[in-house]
Amino acid sequence: VRGPRFRKLKIGAGHRLDVKASGVFVLGIGHGNKLFTELYNCHLTKVYTVGGLFGKATDDFSDTGNLVEKTTFDHITREKLERILAVIQGTNQKALLMYSNIDMKTQEAYELAVKGLIRPMGKSPPIITAVRCLRFALPEFQLEIHCLHETQQYLRKMVHEIGLELKSSAVCTHVRRIRDGVFTVDDALPRTQWNLQSIQEAIWNCQLKVETE
């Protein structure tokens, strides 16, 4: 090995993913760590695909947890599920407006709303900005969830609560983050590409996205 040795190469982690989740996990290298703070202050939306299974409940809301109860699910329809999702989205939209500190009667608020740019000004509880059903085939279903300030465990608990609302029970089968702010699955490097050249190319390819944001 020749050349100078790197003694202070700082690597920082972005929004965490717990051991049962997968998907986009952003790392910062060197100057990139400073950009993390700026990106966090933008309160950018993260997007997940979340799988669910009706008919049982566990102690940790996942399909690998200890079984707590079994329930029937034949009465559940896609229409009933989508009604629950609409209620969740409506409730969270009100919370988003409350934490955004924006006067909704102003022109600025209208323009931000049209662009989908209303965001909390600081810390807030987890907020679901959008949720829709991607697939429904009893007892399984899959959701796409757009959110802020969440944890993956919060999303698993949300699946559990959807089951309760539908007079049944549900566990979460997977949580996959497909977008973290400006970064998507297409930007991500699979484990086989964790090498210097691929990492450099990934940084260059994402540079314009970060600067634009």
Side-chain angles (χ1 to χ4, degrees), residues 14-26 43-99 116 118-120 124-181 183-188 190-191:
H15 294 116
R16 306 285 172 150
L17 278 175
D18 63 30
V19 292
K20 291 185 177 182
S22 65
V24 179
F25 178 47
V26 184
H43 300 284
L44 301 176
T45 302
K46 296 184 285 300
V47 183
Y48 293 82
T49 56
V50 177
L53 181 72
F54 289 119
K56 61 180 183 177
T58 62
D59 58 349
D60 67 355
F61 314 127
S62 77
D63 60 339
T64 57
N66 297 317
L67 187 66
V68 174
E69 67 171 344
K70 285 189 173 183
T71 53
T72 58
F73 53 82
D74 295 340
H75 61 282
I76 299 172
T77 63
R78 183 171 188 141
E79 289 72 26
K80 289 179 180 178
L81 172 59
E82 289 182 339
R83 276 202 294 271
I84 297 297
L85 299 182
V87 171
I88 291 172
Q89 184 166 315
T91 303
N92 278 266
Q93 287 288 353
K94 291 178 183 176
L96 179 60
L97 295 176
M98 185 174 74
Y99 285 100
I118 293 179
R119 296 167 183 159
S124 75
I127 295 176
I128 307 298
T129 58
V131 57
R132 67 188 180 106
C133 179
L134 294 178
R135 187 169 62 85
F136 183 85
L138 280 178
E140 298 179 12
F141 63 99
Q142 187 180 56
L143 307 176
E144 181 181 277
I145 302 175
H146 298 236
C147 46
L148 298 157
H149 305 165
E150 81 301 328
T151 63
Q152 289 83 56
Q153 187 62 6
Y154 174 84
L155 299 178
R156 293 186 192 99
K157 187 179 180 183
M158 178 177 160
V159 169
H160 167 76
E161 290 173 348
I162 287 171
L164 295 179
E165 288 291 334
L166 289 166
K167 296 180 173 55
S168 180
S169 57
V171 291
C172 182
T173 56
H174 78 264
V175 175
R176 180 167 176 79
R177 186 191 288 156
I178 59 174
R179 174 183 285 274
D180 185 349
F183 305 102
T184 69
V185 171
D186 293 336
D187 301 315
R191 200 176 288 254

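These values consider heavy atoms only, across backbone and side chains, with no hydrogens, waters or symmetry-generated copies. Quick note: residue numbers are just sequence positions, from 1. Here the structure is a predicted model, which is why all the values come from computation and not from measurement.
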Flag, side chain of [X] to backbone of [Y], donor-acceptor distance under 3.5 Å:
{"X": "Asp59", "Y": "Asn66", "answer": "yes"}
{"X": "Gln153", "Y": "Phe61", "answer": "no"}
{"X": "Thr71", "Y": "Ser169", "answer": "yes"}
{"X": "Asp180", "Y": "Phe183", "answer": "no"}

At what distance, to the nearest 0.5 angstrom, does [atom1] of [X] lie from [atom2] of [Y]?
{"X": "His146", "Y": "Gln89", "atom1": "NE2", "atom2": "CD", "result": "9.0 Å"}
{"X": "Met158", "Y": "Ile145", "atom1": "CE", "atom2": "CD1", "result": "4.0 Å"}
{"X": "His174", "Y": "Thr49", "atom1": "NE2", "atom2": "OG1", "result": "4.0 Å"}
{"X": "Ile162", "Y": "Leu143", "atom1": "CD1", "atom2": "CG", "result": "5.0 Å"}
{"X": "Leu67", "Y": "Thr64", "atom1": "CG", "atom2": "OG1", "result": "12.0 Å"}
{"X": "Leu53", "Y": "Phe141", "atom1": "CG", "atom2": "CZ", "result": "8.0 Å"}

For this session: Show your working on side-chain contact (heavy atoms from CB on, under 4.5 Å) between Ser168 and His75 and close with a plain yes or no.
Result: CA-CA 9 Å; Ser168 180; His75 61 282; 4.2 Å; yes
Identify the heavy atoms of [X] and [Y] that sit nearest to each other, and give their distance.
{"X": "Phe136", "Y": "Thr77", "value": "CZ-C, 3.5 Å"}
{"X": "Cys147", "Y": "Ile128", "value": "CB-CD1, 3.9 Å"}
{"X": "Leu148", "Y": "Leu44", "value": "CD2-O, 3.4 Å"}
{"X": "Val50", "Y": "Cys172", "value": "CG1-SG, 3.7 Å"}
{"X": "Glu144", "Y": "Val47", "value": "CG-CG1, 3.9 Å"}
{"X": "Gly163", "Y": "Phe54", "value": "CA-CE2, 4.3 Å"}

Exercise. Given the rule in the side-chain contact (heavy atoms from CB on, under 4.5 Å) test, do Gln152 and Arg177 qualify, once you have shown the distances and angles that lead to the verdict?
Worked result: CA-CA 9 Å; Gln152 289 83 56; Arg177 186 191 288 156; 3.5 Å; yes
Are [X] and [Y] packed together at the side-chain level, in the sense that at least one heavy-atom pair is separated by less than 4.5 angstrom?
{"X": "Val24", "Y": "Asp187", "answer": "no"}
{"X": "Arg176", "Y": "Val185", "answer": "yes"}
{"X": "Ile76", "Y": "Leu138", "answer": "yes"}

For this session: Assess whether side-chain contact (heavy atoms from CB on, under 4.5 Å) is satisfied between Leu85 and Leu81, documenting all intermediate values.
Result: CA-CA 6 Å; Leu85 299 182; Leu81 172 59; 4.3 Å; yes
Exercise. So does Lys20 have more than 12 non-hydrogen atoms from other groups sitting under 6.0 Å from NZ?
Worked result: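 Above 12, so yes.
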Problem set entry | Asp74 and Thr72 side chains, donor-acceptor separation under 3.5 Å | no
Exercise. Passes side-chain contact (heavy atoms from CB on, under 4.5 Å), Tyr48 versus Glu150? Steps please.
Worked result: CA-CA 11 Å; Tyr48 293 82; Glu150 81 301 328; 2.6 Å; yes
